[in-house]
Amino acid sequence: ISTPGGCGPNADPRCLGPPASSMKYTMYEGDMVDVENVRLRLLGIENKKAGFEIAYIPHAENKFTLELKKGWNLFSVPVILSEKNYLSLGTDCKFTSVLWEFNSESQRFQRTATIKPGRGYWIKTADSCTASASYTQKVTLVDYPIDISKGWNIVGSQFESIAFSEITNDCSVTAGPYWYNSDTRRYEIAINMEPGKGYIIRAGSACTLTPDGGLPPPLPLAAAVTRK
């Protein structure tokens, strides 16, 4: 079994380019073998000719799962979804409300159907359930910093847990950050930003949530320079 070399992915089988790699298998009637994302099954051999059944094996999808509780949930999706409509979060959940987001400019809730990274959303479910959706990329606050406005904001999380103290930087946080405990139906102070949760923050002025890594080392003083 050979994979095509310099002939391109859609090359004619008669292409004369050398194979990039080759593997040998001993197969009997009914045997199957997987080569990359192709599955070959030997149907039989007749008159020195082998008949194969060829099937394509799709690559495993990246799946993000979200545990939702019965009632209201404040959540976020720390990935770039393949399908950005919230109804793509799976059929296991029965939603009993529309999807709500908070407009930090108008300081009002508004309906939406699109889920974006960096934002927090409210949804209500009939029962506890698991939502899941395919994604193309994980989100970090280095690549996708969150701009917040003066006043109340509802923000999302990144894919990895991180302390709020590492991302507030020059932000003047006057309340929060809070997360909503769907079990107790109460707001609680959040120390860390956890993937899949949404957070409520009130800021004294506009700023950006992102890890800055701290300041670089100070400039050298003449007396501190070592000569060799």
Side-chain angles (χ1 to χ4, degrees), residues 1-70 73 75-96 98-99 112-121 123 125-145 156-162 193-198:
I1 299 172
S2 300
T3 57
C7 301
N10 299 313
D12 188 288
R14 294 167 293 181
C15 175
L16 297 178
S21 61
S22 63
M23 294 168 284
K24 293 183 179 181
Y25 295 88
T26 300
M27 300 179 67
Y28 297 92
E29 186 174 336
D31 285 354
M32 290 188 298
V33 62
D34 293 342
V35 182
E36 295 185 354
N37 60 331
V38 175
R39 174 167 293 166
L40 301 174
R41 179 172 177 264
L42 179 59
L43 299 177
I45 301 176
E46 185 176 350
N47 297 326
K48 297 183 180 181
K49 292 183 179 180
F52 288 92
E53 179 183 78
I54 303 175
Y56 172 73
I57 307 172
H59 290 293
E61 290 184 305
N62 294 317
K63 284 281 188 179
F64 176 75
T65 58
L66 191 67
E67 299 297 328
L68 300 177
K69 302 291 186 178
K70 179 180 179 180
N73 294 265
F75 75 96
S76 66
V77 177
V79 293
I80 306 296
L81 293 177
S82 302
E83 172 56 55
K84 296 177 176 56
N85 190 290
Y86 78 99
L87 296 177
S88 70
L89 291 176
T91 57
D92 183 49
C93 295
K94 181 180 179 181
F95 300 127
T96 55
V98 297
L99 186 68
T112 186
T114 303
I115 295 179
K116 298 178 181 179
R119 297 186 182 181
Y121 299 93
I123 195 73
T125 61
D127 296 288
S128 297
C129 61
T130 301
S132 65
S134 301
Y135 69 88
T136 58
Q137 182 181 345
K138 299 176 182 179
V139 167
T140 70
L141 293 181
V142 174
D143 298 324
Y144 294 89
S157 59
Q158 67 169 18
F159 198 83
E160 302 289 343
S161 176
I162 190 171
M193 174 183 277
E194 302 292 345
K197 291 183 178 180

Return the CZ to OG1 distance between Phe75 and Thr125, rounded to the nearest 0.5 Å.
10.5 Å
From Tyr121 OH over to Thr114 OG1, what is the distance, rounded to the nearest 0.5 angstrom?
7.5 Å
CZ of Phe52 to CG of Leu42: how many Å apart, nearest 0.5 Å?
5.0 Å
Spacing of CG belonging to Asn62 relative to CG belonging to Leu81, to within rounding of 0.5 Å
11.5 Å
Thr96 meets the side-chain hydrogen bond (donor to acceptor under 3.5 Å, both in side chains) criterion, sequence neighbours left out, with none
What is the minimum heavy-atom distance between Gln158 and Met193, and which atoms define it?
N-SD, 3.7 Å
With sequence neighbours excluded, tell me which residues meet side-chain contact (heavy atoms from CB on, under 4.5 Å) with Pro117.
Ile80, Val139
Listed by chain and number, what are the side-chain contact (heavy atoms from CB on, under 4.5 Å) partners of Glu46, not counting sequence neighbours?
none
Between Ser157 and Ser76, do the side chains contain a donor N or O and an acceptor N or O under 3.5 Å apart?
yes
Test your reading of the model: is there a side-chain donor-acceptor pair from Ser128 to the backbone of Lys70, 3.5 Å cut-off?
yes
Sequence neighbours excluded, the answer for side-chain contact (heavy atoms from CB on, under 4.5 Å) partners of Glu83 is Asn85, Ser88
Using 0.5 Å steps for rounding, measure from the SG atom of Cys129 to the CG atom of Leu89.
9.5 Å
Nearest-0.5 Å distance that lies between atom CG in Leu68 and atom CD1 in Ile123
8.5 Å
Residues forming a side-chain hydrogen bond (donor to acceptor under 3.5 Å, both in side chains) with Glu160, sequence neighbours excluded
none
When every non-hydrogen atom of Phe95 is compared with those of Leu87, the smallest separation belongs to CD1-CD2, 4.3 Å
Flag side-chain contact, heavy atom, 4.5 Å: Ile115 against Lys84
no
Closest heavy-atom pair, Val77 versus Phe64, reported as atoms and distance to 0.1 Å, is CG1-CD2, 4.2 Å
List for me each residue that meets side-chain contact (heavy atoms from CB on, under 4.5 Å) alongside Asp143, sequence neighbours excluded, and say none if there are none.
Thr140
